[in-house]
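These notes concern the structure reproduced below.
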Amino acid sequence: MLSVKISFTYIDMHRVFMDRNAKVFSLSRLLTFYPLIGLLLTAFGLFGIAWYATRQRIREISVRKVHGATSRQILWLLAKPFCLYALVAYIVAMPVTWGLMQNWLQQFAYRAALAPGLFVWPFVVVVGVALITVCLQAALLGRVNPAETLTMDN
């Protein structure tokens, strides 16, 4: 009887799993950074638009301050358009996003349910970034002396 020696081959199942799913993990990392970059660009864009809007309306806001407008009223005056724009963008984007996510999830055998929180949190974050950006501009504008802005030449 001949005995055949078979050598032991060690297979790291974790490494095999990682190699087979490398594209999925790469896509996951990539998709993690896209929202962060988008949020950063949104913040910069909102900052620029808010800065431009406050500079264009500095005399109007100064007159309102002279006539007794509170900081909250001025903040609401500046923030209202941005909140409305975010709401309109949300209303337009959510059906499109829901449809795309449903289509994408159909390729998986086990699907996660689309919870309402997945759609509410992005809106809360975008409105929060918009309000923080506009609040910073309103705070800077609140320090401006109305007498100086009303007397300066255009």
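Computed from a predicted model, the values in this text were never measured in an experiment. Just so it is clear, the values below take in all heavy atoms, side chains as well, and ignore hydrogens, waters and symmetry mates.
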Quiz item: In terms of hydrophobic clustering (I, L, V, M, F, W, Y; side-chain heavy atoms under 4.5 Å; direct or indirect links), are V127 and M94 co-clustered?
Solution: yes
Quiz item: What are the two closest heavy atoms between L105 and A112, and how far apart are they?
Solution: CD1-O, 3.7 Å
Practice problem: Could you grab the distance from atom NZ of K23 to atom CG of L30, nearest 0.5 Å is fine? | Solution: 14.0 Å
Quiz item: Where is the tightest heavy-atom contact between Q137 and A50, given as atom of each residue plus distance?
Solution: CG-CB, 3.7 Å
Quiz item: So, T42 side chain and G38 main chain: donor-acceptor pair closer than 3.5 Å or not?
Solution: yes
Quiz item: Considering only heavy atoms from C-beta outward, does the side chain of L84 approach that of V88 to under 4.5 Å?
Solution: no
Quiz item: What distance separates W51 CH2 from L140 CG, expressed to the nearest 0.5 Å?
Solution: 11.5 Å
Exercise. Working to the nearest 0.5 Å, report the span between CG of L114 and OG1 of T97.
Key: 10.5 Å
Self-check item: Short side-chain to backbone donor-acceptor contact, E60 and R57, under 3.5 Å
Solution: no
Quiz prompt | Side-chain donor/acceptor of S26 to backbone N/O of A22, under 3.5 Å | solution = no
Self-check item: From L40 atom CG to L36 atom CG, the distance as rounded to the nearest 0.5 Å
Solution: 9.0 Å
Quiz prompt | Smallest separation among heavy atoms of F25 and F17, with atom names | solution = CZ-CE2, 3.8 Å
Quiz item: Rounded to the nearest 0.5 Å, what separation is found between the CG atom of L78 and the CG atom of L131?
Solution: 11.5 Å
Quiz item: Quick check: are there more than 12 heavy atoms from other residues, nucleotides or ligands sitting under 6.0 Å from CZ of R20?
Solution: no
Quiz prompt | Distance-minimising heavy-atom pair for P95 and I91 | solution = CD-O, 3.1 Å
Exercise. Identify whether L31 and L39 are in the same connected component of the hydrophobic contact network (ILVMFWY, side-chain heavy atoms under 4.5 Å).
Key: no
Quiz prompt | Heavy-atom check, side chain of I49 versus side chain of F82, under 4.5 Å | solution = yes
Self-check item: Minimum heavy-atom distance between T32 and S28, given as atom pair plus value
Solution: OG1-O, 2.7 Å
Quiz prompt | Same cluster (ILVMFWY, side-chain, under 4.5 Å), V92 and L87 | solution = no
Quiz item: Would a distance-only check, ignoring hydrogens and angles, find a side-chain to backbone donor-acceptor pair under 3.5 Å from Y90 to V124?
Solution: no
Quiz item: What is the minimum heavy-atom distance between L46 and T133, and which atoms define it?
Solution: C-CG2, 3.7 Å
Quiz item: Hey, is CZ on R111 packed in by over 12 heavy atoms from elsewhere, all under 6.0 Å?
Solution: yes
Quiz item: To the nearest 0.5 Å, how far apart are CZ in R64 and CD1 in I74?
Solution: 8.5 Å
Quiz prompt | Over 12 foreign heavy atoms within 6.0 Å of CZ, F108 | solution = yes
Exercise. Using the rule that two of Ile, Leu, Val, Met, Phe, Trp, Tyr join whenever any of their side-chain heavy atoms come within less than 4.5 Å, decide whether I132 and V129 are in one cluster.
Key: no
Self-check item: Co-membership, hydrophobic cluster, residues I61 and I58, 4.5 Å side-chain
Solution: yes
